[in-house]
Amino acid sequence: MKLNKQEILKALETITAPGEGQNMVDSGAVKNVVVFGDEVVVDITIKNPSLQAKKRTEVDILKTIHDKVYEKAKIKVNVKVEAPEHPKANVIKGEPILGIQNIIAVASGKGGVGKSTVTANLAVTLAKMGFKVGVLDADIYGPSMPIMFDVESERPLAVNIDGKSKMKPIENYGVKMLSIGFFTEPNQAVVWRGPMAAKALNQMIFDAHWGELDFLLLDLPPGTGDIHLSIMQSLPITGAVVVSTPQNVALADAKKGVAMFQQESISVPVLGIIENMAYFTPEELPDNKYYIFGKEGAKNLAEDLKVPFLGEIPLVQSIREAGDVGRPAALQIATPSERAFETLTKNIVQEVVKRNEDLPPTEAIKITTMAGCSAVKK
């Protein structure tokens with residue numbers, strides 16, 4: 001029997017190639033059909049690289065021609081794969097948040113160095129300077145911002161923005177904030193695996209109505225783990241600051257924290273290192289300095305790593321007390337603590353300005369199943 005090319009094409013219009021919405025003729029998947037008597041050669045290109053997709057395509061074409069055109073036709077199917085360079089299913093790419101100008105990650109290689117205390121005081125100092133400020137408590141397993149801002153009993157409300165329901169951040173002392181602590185009971189432990197923690201974090205980032213902010217501070221958990229990677233996947237971070245005490249044990253981990261941000265596949269600018277608990281000053285002897293954890297360790301580390309040294313914060317009892325009662329010490333007037341945080345904050349703002357003038361916008365990172373993490377342009 002002599003076959004007709006148009007009949008073959010009409011039959012192929014009844015099936016689709018794997019992953020295509022249209023039939024394989026209209027979608028352009030069928031590149032050529034050649035007929036020689038009762039022999040048919042079909043050239044087709046598909047985007048799905050799996051062996052199952054190739055086999056299914058071949059079987060579908062054979063069955064359709066046999067059923068609809070000629071059951072004894074001799075058919076050869078040439079399947080070519082043109083897969084996209086980066087399959088969409090494997091890519092997670094960060095997105096900027098409309099209205100937020102600068103996103104600053106506050107990190108530490110080690111726990112217990114006062115990172116959250118520094119973050120809270122940076123936030124209120126920026127607000128005192130007239131900036132619009134937000135804080136995202138990204139420490140899912142140990143949220144402390146609700147305590148430090150005296151808003152433990154608050155719960156975020158839902159607001160309607162452009163037809164979508166969004167979380168309204170809690171606000172105190174001129175600072176907007178969100179924390180997992182607002183959604184759990186005080187005695188409730190958050191026992192989640194990494195993916196669930198990352199999902200909660202993304203909800204607080206993208207399902208919140210932050211409004212216009214000059215600075216969004218991210219209070220990261222200690223270390224260099226899953227939450228850090230999730231944050232840098234989700235957001236193009238302007239820069240990072242690393243908090244450490246002067247002692248060698250903390251400095252060893254702070255060095256790793258800096259290295260994480262400087263890793264080629266992450267490439268977040270490090271704005272500098274902060275030395276917390278730099279020295280102890282008793283209330284009755286305000287001019288005395290006792291270097292309990294060592295002297296200028298973080299300052300020397302900053303010089304060694306060739307990153308800016310942003311300043312030192314003394315170990316003062318009132319800073320701890322202020323955090324515990326929910327009124328950050330930087331809100332005090334004319335105290336050594338207020339002056340220390342003002343100097344620190346001015347240095348950070350200066351580094352942000354310099355970074356924005358000298359460097360291109362930070363690229364969020366992507367994760368692919370095969371390649372680990374790599375930089376990607378937005």
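Note: hydrogens, waters and symmetry copies are ignored here, and every other heavy atom, side chains too, is used. Bear in mind that the values here come from a model prediction, so they are computed numbers and not experimental data.
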Q | Leu3 to Glu39 - nearest heavy-atom pair and separation | A | CD1-N, 4.4 Å
Q) CG/Leu271 to CD1/Ile274 distance, rounded to the nearest 0.5 angstrom? A) 9.5 Å
**Q.** Residue Lys299 excluded, over 12 heavy atoms near NZ under 6.0 Å
**A.** no
**Q.** Side-chain H-bond candidate by donor/acceptor type, Asn356 with Asn102, under 3.5 Å
**A.** yes
Q | Asn121 (side chain) donor-acceptor with Ala330 (main chain) under 3.5 angstrom | A | yes
Q. Can you name the closest pair of heavy atoms from Glu154 and Phe182 and give their distance?
A. O-CD2, 3.6 Å
Q.
Which label fits Phe280 and Tyr290: parallel for a plane angle under 30°, tilted from 30 to 60°, or perpendicular past 60°?
A. tilted
Q: Give a yes or no answer on whether the side chain of Asp43 reaches the backbone of Val79 with a donor-acceptor pair at less than 3.5 Å.
A: no
Q: Kindly give the cluster partners of Val159, where membership spreads through any ILVMFWY side chain lying under 4.5 Å from a current member.
A: Ile161
(Q) Could you see if Leu344 belongs to whatever hydrophobic cluster contains Tyr279? Use Ile, Leu, Val, Met, Phe, Trp, Tyr and a side-chain cutoff under 4.5 Å. (A) no
Q. Say you draw a straight line from CD of Glu171 to CG of Leu178; how long is it, rounded to the nearest 0.5 Å?
A. 11.5 Å
Q. Any side-chain heavy-atom pair from Leu12 and Ile61 closer than 4.5 angstrom?
A. yes
Q.
Treating Asn347 as the side-chain partner and Leu310 as the backbone partner, does any N or O pair qualify as donor plus acceptor under 3.5 Å?
A. yes
(Q) I want to check something: taking the side chain as every heavy atom from C-beta on, are Ile44 and Lys80 in contact at a cut-off of under 4.5 Å? (A) no
Q | Lys54 side chain reached by Val81 side chain, heavy atoms, under 4.5 Å | A | yes
Q: Check the hydrophobic clustering (I, L, V, M, F, W, Y; side-chain heavy atoms under 4.5 Å; chains of links allowed) and say if Tyr70 and Ile15 are grouped together.
A: yes
**Q.** Step-by-step salt bridge (charged side-chain N to carboxylate O under 4.0 Å, His left out) determination, Glu357 to Lys354
**A.** CA-CA 5 Å; Glu357 288 176 348; Lys354 188 188 302 181; over 6 Å; no
**Q.** From NZ (Lys74) to CG (Asp38), nearest 0.5 Å
**A.** 5.0 Å
Q: Write down the atom of Ala127, the atom of Val175, and the distance for their closest heavy-atom approach.
A: CB-CG2, 4.1 Å
Q) Within a radius of less than 6.0 Å around CG of Leu285, do more than 12 heavy atoms belonging to other residues, nucleotides or ligands occur? A) yes
Q) Quick one: does Leu213's side chain get under 4.5 Å of Lys176's, heavy atoms only? A) yes
Q) Hey, what do you get for CG (Asp253) to OG (Ser244), rounding to the nearest 0.5 Å? A) 8.5 Å
Q. Can you list every pair that meets ring-ring contact (aromatic ring centres under 6.0 Å, His included) and has a residue in residues 116-140, with sequence neighbours left out?
A. Phe131-Phe215
**Q.** Side chain proximity check, Lys76 to Val40, heavy atoms < 4.5 angstrom
**A.** no
Q.
Check this for me, if you would: do Arg339 and Glu342 make a salt bridge, where the nitrogen-to-carboxylate-oxygen distance has to be below 4.0 angstrom?
A. no
Q: Using distance alone, with no hydrogens and no angle criterion, decide if Thr16 and Asn23 have a side-chain donor and acceptor under 3.5 Å apart.
A: no
Q | Shortest non-hydrogen separation from Ala329 to Ser337 and the atoms involved | A | CB-CB, 4.3 Å
Q. Would you say Ile273 and Leu301 make side-chain contact, with heavy atoms under 4.5 Å?
A. yes
Q | Phe293 with Ile313, same ILVMFWY side-chain cluster at under 4.5 Å | A | no
Q: May I have all residue pairs that pass side-chain hydrogen bond (donor to acceptor under 3.5 Å, both in side chains) and include part of residues 308-327, sequence neighbours excluded?
A: Gln317-Glu321, Arg320-Asp324
Q: Please say whether more than 12 non-hydrogen atoms of neighbouring residues, nucleotides or ligands are located less than 6.0 Å from NZ in Lys31.
A: yes
**Q.** Separation of His209 NE2 from Met167 CE (nearest 0.5 Å)
**A.** 12.5 Å
Q. In terms of hydrophobic clustering (I, L, V, M, F, W, Y; side-chain heavy atoms under 4.5 Å; direct or indirect links), are Ile104 and Met129 co-clustered?
A. yes
(Q) Once rounded to the nearest 0.5 Å, what's the spacing between atom CD of Gln247 and atom CD1 of Ile292? (A) 11.0 Å
Q: Decide salt bridge (charged side-chain N to carboxylate O under 4.0 Å, His left out) for Lys128 and Glu338; before the verdict, give the C-alpha distance in whole Å, the side-chain angles of both, and the deciding distance to 0.1 Å.
A: CA-CA 11 Å; Lys128 282 169 63 178; Glu338 184 203 31; 2.9 Å; yes
(Q) Do Leu126 and Asp214 make a side-chain contact, defined as non-hydrogen atoms from C-beta onward lying under 4.5 Å apart? (A) no
Q. Is the shortest heavy-atom distance from the side chain of Met145 to the side chain of Asp219 under 4.5 Å?
A. yes
Q.
I need the minimum non-hydrogen distance between Pro156 and Lys168, along with the two atoms involved.
A. CB-O, 3.5 Å
(Q) Tell me whether Lys295 forms a cation-pi arrangement with Tyr291, defined as NZ or CZ under 6.0 Å from the six-membered ring centre and within 45 degrees of its axis. (A) yes
Q) Hey, any chance Ile8 and Leu62 share a hydrophobic cluster, counting ILVMFWY side chains that come within less than 4.5 Å of each other, even indirectly? A) yes
Q. For atom NZ of Lys132, is the number of surrounding heavy atoms from other residues, nucleotides or ligands below 6.0 Å larger than 12?
A. no
Q: Kindly give the heavy-atom pair with the smallest separation between Met204 and Trp210, and that separation in Å.
A: O-NE1, 3.6 Å
